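Have a look at the structure below, then the notes.
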Protein chains: 2
Amino acid sequence: MARKTKAEAAATREALLDAAEEMFIQHGVARTSLEQIARHAGMTRGAVYWHFKNKADLFHAMLQRVRLPFQDLVEALDDPELAKKPLEAIRLACISGFEHLERPRYRRVHAILIHHCEVFSDIDPLAMQNEMVEESCGALRDYFHCAARLGHLRDDIPPELAAQLLQSLLGGLFHDWLRNYERFSIYEEGTRLVKAQLSLMRASPSE
Amino acid sequence: MARKTKAEAAATREALLDAAEEMFIQHGVARTSLEQIARHAGMTRGAVYWHFKNKADLFHAMLQRVRLPFQDLVEALDDPELAKKPLEAIRLACISGFEHLERPRYRRVHAILIHHCEVFSDIDPLAMQNEMVEESCGALRDYFHCAARLGHLRDDIPPELAAQLLQSLLGGLFHDWLRNYERFSIYEEGTRLVKAQLSLMRASPSE
DNA sequence: AGGTATCCATACGCTTTTGCATGTAAAACG
DNA sequence: CGTTTTACATGCAAAAGCGTATGGATACCT
């Protein structure tokens, strides 16, 4: 086979990752062979082993194309007024997260990570999920603590509890949606649910 | 090998299922061979192929040992007074569900179904999860509708929304706990969160 | 322009796992 | 008590998938 230009090589690498996503979603990670991925991209296993060390390495590369830490979502809002309205910051960050998730690549990769792969070699999807949850839950706690100090939170709801409630709500919604994304839009449903939940926990204006 | 009595044969069948649970939890479903399961139960593959048609059949048998539909949890309460207190019925049913889930076998099998298996042959764990969610969410909706009619629900929260909020909350908590059950007790945390959430949605006694 | 590194296809050996076929000793049955 | 069926263990053939070694044509560099 003839050597390709650098741009072409990079393109085949992306094509392999795209093919891997589709096959992983369709047949699960463990049940798809490198041969299947290569064929689906119009290549052979040789291409795969050139660009990636093995299946775990390919999997890692696939994950690295999508990353969205909660903190970044808040900072991306970039509105100095939000420091004084932590509940609003939480709401907008959630909405921003929902927007990201509706992009096909983000949705696919997260669906793979959560629903279509088991532990294999050095990849532990549960540990990765724990990291994601840990990170976003920590950020939520900070904002709810801030809200409590400002008196924006109902005084019978400690900030820790508020963070846990919202965290579980988001997690449940996330899983439900990934399981069958065509049934509803996580952007619309998520916006509704988060708004409702926050309004339940917000201090009534009278006090 | 000598033939065993019928009771002994049934015992080895259970032993094989137990071994399968442990190996599936530890290494994932796809990565454990029938040989590993048999050896871990002190048997050979011959025993496995005698009791089960193949891996999918064994998997199905494993699932069939644990079943807990939401409706049964409510009926098991068997308290005629609860018909007049739907929110309390929901709370107690959730608590009862948490109790079931803390039993090792229930926890293990659900963890396998949700976190340690992909699609394989005719088994589709996502479809099973959808059934479970659909079933429990439907029951929740009924009870919240009942609560709304009785005026037990805040009038700014439609019963559908209340059901979705609680459903997502339960789902998120469930996934978090299964991911690492040693970190907290789903019975304690679940009781706390459900109580808090229901109290947020309950109509204030003044009205 | 020549040499070299790159990008990928092809081929080979190896391990793992599956499904079945066969063997067998004791339980179950009449 | 003899026969049949049960409840496995053992052995074998086949396929699948992985990792690597090799080959080859061309882009890239100096």
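Because the structure is a prediction, the values reported are computed rather than measured. The sequence lines fix the lettering, A, B, ..., with proteins before strands; numbering per chain opens at 1. The figures here come from the full heavy-atom set of this structure, side chains too, leaving out hydrogens, waters and symmetry mates.
Between A/Lys4 and C/dC8 there is a side-chain N or O to OP1 or OP2 distance below 4.0 Å. For the pair B/Thr5 and C/dA28, the criterion of a side-chain N or O lying under 4.0 Å from OP1 or OP2 is met. The shortest distance between the side-chain N/O atoms of B/Trp50 and the OP1/OP2 oxygens of D/dC8 is not below 4.0 Å. Taking side-chain N and O atoms only, A/Thr12 has a distance below 4.0 Å to OP1 or OP2 of C/dC8.
Residue A/Leu58 contributes atom CG, which lies 12 Å from atom P of D/dG19 at whole-angstrom precision. At whole-Å resolution of the value, CE in B/Met43 and P in D/dA7 are 13 Å apart. Counting to the nearest Å, the P atom of D/dC18 and the CZ atom of A/Phe120 are 10 Å from each other. If you measure from atom OH of B/Tyr49 to atom P of D/dG11, you get 17 Å, rounded to the nearest angstrom. One atom, CZ of A/Arg13, and another, C1' of C/dC7, lie 14 Å apart when rounded to the nearest Å. Summarising the geometry, the separation between CD on A/Glu8 and C1' on C/dT6 is reported as 12 Å, rounded to the nearest angstrom. Counting to the nearest Å, the P atom of C/dT6 and the CZ atom of A/Phe52 are 17 Å from each other. If you measure from atom NZ of B/Lys53 to atom P of C/dG19, you get 10 Å, rounded to the nearest angstrom.
Applying the salt bridge (Lys or Arg N to Asp or Glu O under 4.0 Å) test to every pair with at least one member in residues 156-169 of chain B, sequence neighbours left out, gives these pairs: B/Arg141-B/Glu160, B/Arg154-B/Asp156.
Under the 4.5 Å side-chain criterion, counting only non-hydrogen atoms from C-beta, B/Leu34 is not in contact with B/Phe52. A heavy-atom distance below 4.5 Å is not found between the side chains of B/Leu82 and B/Tyr143.
Put simply, CD on B/Glu35 and OG1 on B/Thr44 are 8.0 Å apart, with the number rounded to the nearest 0.5 Å.
No N or O donor and acceptor, one from the side chain of B/Arg3 and one from the base of D/dA7, sit under 3.5 Å apart.
Take B/Arg183 and apply the salt bridge (Lys or Arg N to Asp or Glu O under 4.0 Å) test, not counting sequence neighbours, and it matches A/Glu134.
Not a single donor-acceptor pair under 3.5 Å links the side chain of A/Asn180 to the backbone N or O of A/Glu182.
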Please step through side-chain contact (heavy atoms from CB on, under 4.5 Å) for the pair A/Val194 and A/Leu170, ending with a clear verdict. CA-CA 8 Å; A/Val194 167; A/Leu170 291 174; 3.8 Å; yes
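Contacts between residues 22-35 of chain B and DNA chain C, defined by a heavy-atom separation under 4.0 Å, are made by B/Ser33, B/Leu34.
Closest to the side chain of A/Arg45, from the set D/dC18, D/dC8, C/dC8, is D/dC18.
Between A/His51 and B/Lys6, the one whose closest nucleotide on DNA chain C sits nearer the 5' end is A/His51. When each of B/Gln36 and A/Gly46 is assigned the nucleotide of DNA chain C with its nearest heavy atom, A/Gly46 is the one assigned upstream, toward the 5' end.
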